[in-house]
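Data first, discussion second: the structure below is written as structure tokens.
Computed from a predicted structure; not experimentally measured.
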Amino acid sequence: MASANTSNSSIPSFILMGFLSINVATNVFLSFPLCLFYGLSLFGNVLILFIIKSDNQLHTPMFLLISMLAATDLGESLATLPTVLGRLWFDFRNIHFYACLTQLFFIHALALTGSTILMAMAFDRYVAICNPLRYASILHAMITKIGLVALARGICFTIPFPIFLTHLHFCDNKNLYHAFCFHPDVMKLACSDPRVTSTYGVFIVMSFFLDLLCILFSYLRILRTVLAIASKEESIKTFSTCVSHICVVLIFYTPLIGLAGVHRSANDASPFLPVLMGLAYACIPPGINPLIYSMKTKKIWTAIRKHLCVNTRRTLRVTCDAVLERST
């Protein structure tokens, strides 16, 4: 048993299985949507951050929260992109133990930060609809604190994960299901008793559920207020301001809860499910969220169109000036 159980110092790397259980044709097929989602995430979230920063009319609590979520989504994509695309395109399989812990830390910290921001956005919608006269006084004073609390919560709650994992002993099996490091995936490779880190993982999962319950409670109060509005058209118009946030909440929590459930259940008979759920968790929310807020939020869409028109006119003016100079 002593030879089977080795310490972390003798484990230079884990092996990112990721796509090993899928044939080459499927790898090629998966590369297109993965690249699309990563491209959408990088370009879309940077665009939203730029638009909100450059347009003073968007410097309101709701749009500042959207910019925080965009920054979180961008960080999530940058955390998983190197190993996912490296595994898919270049067959890079090995990841050093401490590099794995670093990636794991950023993935979970950003997920917790994003969950906190989504909860704050539900509170923002609740105050805007249920107590609109106090919206400015409440949210403007709290917006900076919300961002700091979300970041601090993500960091502080995630720090124990790598600390606990460094004290575990690992067997000869170094194969991880995903093309990135995920805490339950790494924890399952331990030969020593993982009850401490496993119990803490359950606590983190329950904190996500608590955030979701707070969001649901906020929307129950919002529905109660909206249904009390006499005019049907006015109630629909009021609730339509929440549609973007509801879509983002569903897209964020569905793959997250699904992935946590897959790792908590017996999944040895179906290795495809954890891989696909992991890809959905890593790629879909950061890639789809910018589309939702760009298309469904009128002010952001108007600001994007305005910047595109200004840049197009400027480009045409420069081109015409250059042509005239050449002709003269």
CD on E76 to CG on L81, rounded to 0.5 Å: 12.5 Å
Donor-acceptor under 3.5 Å (S115 side chain, A111 main chain): no
CD1 on I257 to CE on M277, rounded to 0.5 Å: 9.5 Å
Inter-residue atom distance M119.CE - L65.CG, 0.5 Å rounding: 11.5 Å
Identify each donor-acceptor pair in which a side-chain atom of residues 242-252 lies under 3.5 Å from a protein atom, sequence neighbours left out, and give them as a table.
| unit_1 | atom_1 | unit_2 | atom_2 | d |
| --- | --- | --- | --- | --- |
| H245 | ND1 | Y219 | OH | 2.7 |
| H245 | NE2 | L118 | O | 2.9 |

T197 and H183: side chain donor to acceptor below 3.5 Å: yes
OG1-CD1 distance between T241 and I222, expressed to the nearest 0.5 angstrom: 7.5 Å
Atom of G287, atom of L291 and distance for their closest heavy-atom approach: O-CG, 4.2 Å
Main-chain N/O of R87 paired to R93 side chain as donor or acceptor, under 3.5 Å: no
Pair listing, ring-ring contact (aromatic ring centres under 6.0 Å, His included) test, anchored in residues 116-140, at least two apart: none
Within one Ile-Leu-Val-Met-Phe-Trp-Tyr cluster: M142 and L133, side-chain cutoff 4.5 Å: no
Q103 side chain vs A79 backbone, donor-acceptor pair below 3.5 Å: yes
Distance-minimising heavy-atom pair for S294 and I304: OG-CD1, 3.9 Å
Listed partners of T238 passing side-chain contact (heavy atoms from CB on, under 4.5 Å), at least two apart: I129, V226, I229, E234
Side-chain cluster (under 4.5 Å, hydrophobic types only) that L151 belongs to, other residues: F105, F106, I155, I159, I163
Nearest non-hydrogen partners of I117 and A150, listed with the distance: CG1-CB, 3.9 Å
For F161 against L104, the heavy-atom pair lying closest together: CB-CD2, 3.8 Å
Salt bridge (charged side-chain N to carboxylate O under 4.0 Å, His left out) against D185, all qualifying residues, sequence neighbours excluded: none
P285 to D73 - nearest heavy-atom pair and separation: O-OD2, 4.3 Å
Residue pair C35 / L85: nearest heavy atoms and the distance that separates them: SG-CD2, 4.4 Å
All pairs passing disulfide bond (SG atoms under 2.5 Å apart) where residues 72-146 contributes a residue, at least two apart: C100-C181
CG on L69 to CG on L64, rounded to 0.5 Å: 13.0 Å
Under 3.5 Å, sequence neighbours excluded: what are the donor-acceptor pairs made by side chains of residues 199-210?
| unit_1 | atom_1 | unit_2 | atom_2 | d |
| --- | --- | --- | --- | --- |
| T199 | OG1 | R195 | O | 2.6 |
| Y200 | OH | F157 | O | 2.5 |
| S207 | OG | I204 | O | 2.5 |

Working for side chain to side chain contact (heavy atoms under 4.5 Å, CB included), residues I66 and I300: CA-CA 10 Å; I66 290 175; I300 292 180; 4.1 Å; yes
N/O donor-acceptor pair under 3.5 Å between H96 side chain and Y98 backbone: yes
Residue pairs, two or more places apart or on separate chains, that pass ring-ring contact (aromatic ring centres under 6.0 Å, His included) and touch residues 274-297: F182-Y281
Spatial distance of atom OG (S218) from atom CZ (R125) [nearest 0.5 Å]: 11.5 Å
Worked verdict on L189 versus F14 for side chain to side chain contact (heavy atoms under 4.5 Å, CB included): CA-CA 10 Å; L189 302 183; F14 290 116; 3.8 Å; yes
same_hphob_cluster(F92, L101) at 4.5 Å side-chain heavy-atom cutoff: yes
Min side-chain heavy-atom separation Y253-I215 under 4.5 Å: yes
Residue pairs involving residues 236-251 (criterion salt bridge (Lys or Arg N to Asp or Glu O under 4.0 Å); sequence neighbours excluded): none
From L259, V186, L279, residue fulfilling side chain to side chain contact (heavy atoms under 4.5 Å, CB included) relative to H178: L259
hydrophobic_cluster_shared for W89 and V84, side chain cutoff 4.5 Å: yes
Pairing residues for C283 by the side-chain contact (heavy atoms from CB on, under 4.5 Å) criterion, not counting sequence neighbours: L34, F37, Y38
Hphob cluster co-occupancy, I107 + L110, side-chain heavy atoms under 4.5 angstrom: no
Hydrophobic cluster identity match, I146 and L148, side-chain contacts under 4.5 Å: no
Give every donor-acceptor pair under 3.5 Å between a side-chain atom in residues 42-63 and any protein atom, sequence neighbours left out.
| unit_1 | atom_1 | unit_2 | atom_2 | d |
| --- | --- | --- | --- | --- |
| N45 | ND2 | S41 | O | 2.8 |
| N45 | ND2 | S41 | OG | 3.3 |
| N45 | ND2 | P286 | O | 3.2 |
| S54 | OG | F50 | O | 2.8 |
| S54 | OG | I51 | O | 3.3 |
| S54 | OG | H307 | NE2 | 3.4 |
| D55 | OD1 | Q57 | N | 3.0 |
| H59 | NE2 | I52 | O | 2.9 |
| H59 | NE2 | K53 | O | 3.2 |

Intermediate values then yes/no, side chain to side chain contact (heavy atoms under 4.5 Å, CB included), I95 and F180: CA-CA 9 Å; I95 182 169; F180 56 87; over 6 Å; no
Residues in side chain to side chain donor-acceptor pair (under 3.5 Å) contact with T116, at least two apart in sequence or another chain: R153
